[in-house]
Amino acid sequence: IERTFVMIKPDGVQRGLVGSIISRFEQKGLKLVGLKFMHASECLLRQHYAEHEGRPFFEPLVKYVQSGPVVAMVLEGPDAIKVGRLLIGTTDPSKSPPGTIRGDLALQTRKNLIHGSDSSESAQREIELWFGQRELVGWEKDSDKWLLERE
Ligand code: GTP
Ligand code: MG
């Protein structure tokens with residue numbers, strides 16, 4: 001069982017897509033263990049996107065994600081990182097297949113709705129960056145017995 005960090009960017013909030021985006025992860029069977037609505041600080045976002053520092057899109061990216069409130073969440077499940085990325089789709093929404101969040105709901109890389117961790121290292125780093133230990137809630141989900149084989 002793995003945890004991943006997902007963030008709905010300001011365009012997702014402004015477009016009223018928070019509910020439908022969270023629904024996709026819920027319907028897949030991933031379990032919410034952390035969820036908050038917040039306006040991320042520039043400092044937090046610079047750390048979050050540190051790997052892209054120096055790239056031409058870095059400053060516009062920080063500005064975009066800082067332009068309004070976001071929804072930050074931690075999702076748990078088998079292969080949650082890979083599954084989360086598959087549901088989200090590719091970075092450029094115009095190349096992301098229908099059925100993915102970006103493929104169905106977005107048009108351009110600059111406004112691609114959502115972030116998801118891309119490796120176990122980034123998931124761990126991002127979860128620690130965005131959430132305090134006490135903001136994460138481990139719980140038993142009754143439907144897991146219909147979704148997970150645990151032997
Ligand atoms: P995240 O889940 O947000 O990390 O997206 P990703 O992993 O699919 O893409 P990546 O980590 O490579 O880039 C992070 C974010 O920077 C993307 O989601 C875009 O919002 C933005 N971005 C990436 N590449 C470009 C680019 O070439 N131009 C612009 N304008 N933005 C980019
Ligand atoms: Mg990324």
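Counting starts at 1 for both ligands and their atoms, in listed order. For reference, positions follow the sequence shown, starting with 1.
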Just to be sure I'm reading this right: ignoring hydrogens, which of H52, K111, H115 gets closest to atom 13 (O) of ligand 1? Compare them by their nearest heavy atoms.
H52
Considering only non-hydrogen protein atoms, determine which one is nearest to atom 16 (O) of ligand 1 and report residue, atom name and distance to 0.1 Å.
L61 CD2, 3.3 Å
Within-cut-off N or O pair, K9 and ligand 1, under 3.5 Å:
yes
What heavy-atom pair brings S117 and R85 nearest, and what distance separates the two atoms?
O-CD, 3.2 Å
So, regarding R85 and ligand 1 (criterion: nitrogen or oxygen to nitrogen or oxygen, under 3.5 Å), is there a contact or not?
yes
Contact list for residues 9-27, test salt bridge (Lys or Arg N to Asp or Glu O under 4.0 Å), sequence neighbours left out
R24-D104
Looking at side-chain heavy atoms only, is the closest gap between W130 and V70 below 4.5 Å?
yes
Mark yes or no for whether S67, through its side chain, and Y64, through its backbone, hold a donor-acceptor pair below 3.5 Å.
yes
Run the side chain to side chain contact (heavy atoms under 4.5 Å, CB included) test on D118 and E51 for me, step by step, so that the C-alpha distance in whole Å, both residues' side-chain angles and the decisive distance to 0.1 Å come before the verdict.
CA-CA 12 Å; D118 61 9; E51 63 169 314; 4.3 Å; yes
Go through ligand 1 atom by atom and flag the ones less than 4.0 Å from a non-hydrogen atom of Y49.
3 (O), 14 (C)
With heavy atoms and a 4.0 Å threshold, my read on which part of R55 contacts ligand 1 is neither
Logged contact type for T109 with ligand 1, heavy-atom cut-off 4.0 Å, is both
Taking it one step at a time, do H115 and F5 satisfy side chain to side chain contact (heavy atoms under 4.5 Å, CB included)?
CA-CA 8 Å; H115 163 86; F5 172 74; 3.7 Å; yes
Counting heavy atoms under 4.0 Å, the part of R102 that contacts ligand 1 is side chain
Calculate, to the nearest 0.5 Å, the distance between atoms CD and CD1 belonging to Q133 and I127 respectively.
10.0 Å
Would you indicate whether K141, at its atom NZ, is surrounded by more than 12 heavy atoms from other residues, nucleotides or ligands within a distance under 6.0 Å?
yes
Where on H48 is there a heavy atom closer than 4.0 Å to ligand 1, on the side chain, on the backbone, on both, or on neither?
neither
Report yes if D118 has an N/O atom closer than 3.5 Å to an N/O atom of ligand 1; otherwise report no.
no
Closest non-hydrogen contact found for T109 with P93 is N-CD, 3.4 Å
heavy-atom search around atom 8 (O) of ligand 1 in the protein gives T91 OG1, 2.6 Å
Closest to atom 19 (C) of ligand 1 among V6, N112, L113 (heavy-atom distance):
N112
What atoms of ligand 1 come closer than 4.0 angstrom to any heavy atom of G116?
2 (O)
Would you say F57 and ligand 1 have an N/O pair spaced under 3.5 Å apart?
no
Please check if the number of heavy atoms outside Q14 that lie under 6.0 Å from its CD is greater than 12.
no
Among all the protein's non-hydrogen atoms, which is closest to atom 30 (N) of ligand 1, and how far away is it?
R110 CG, 3.2 Å
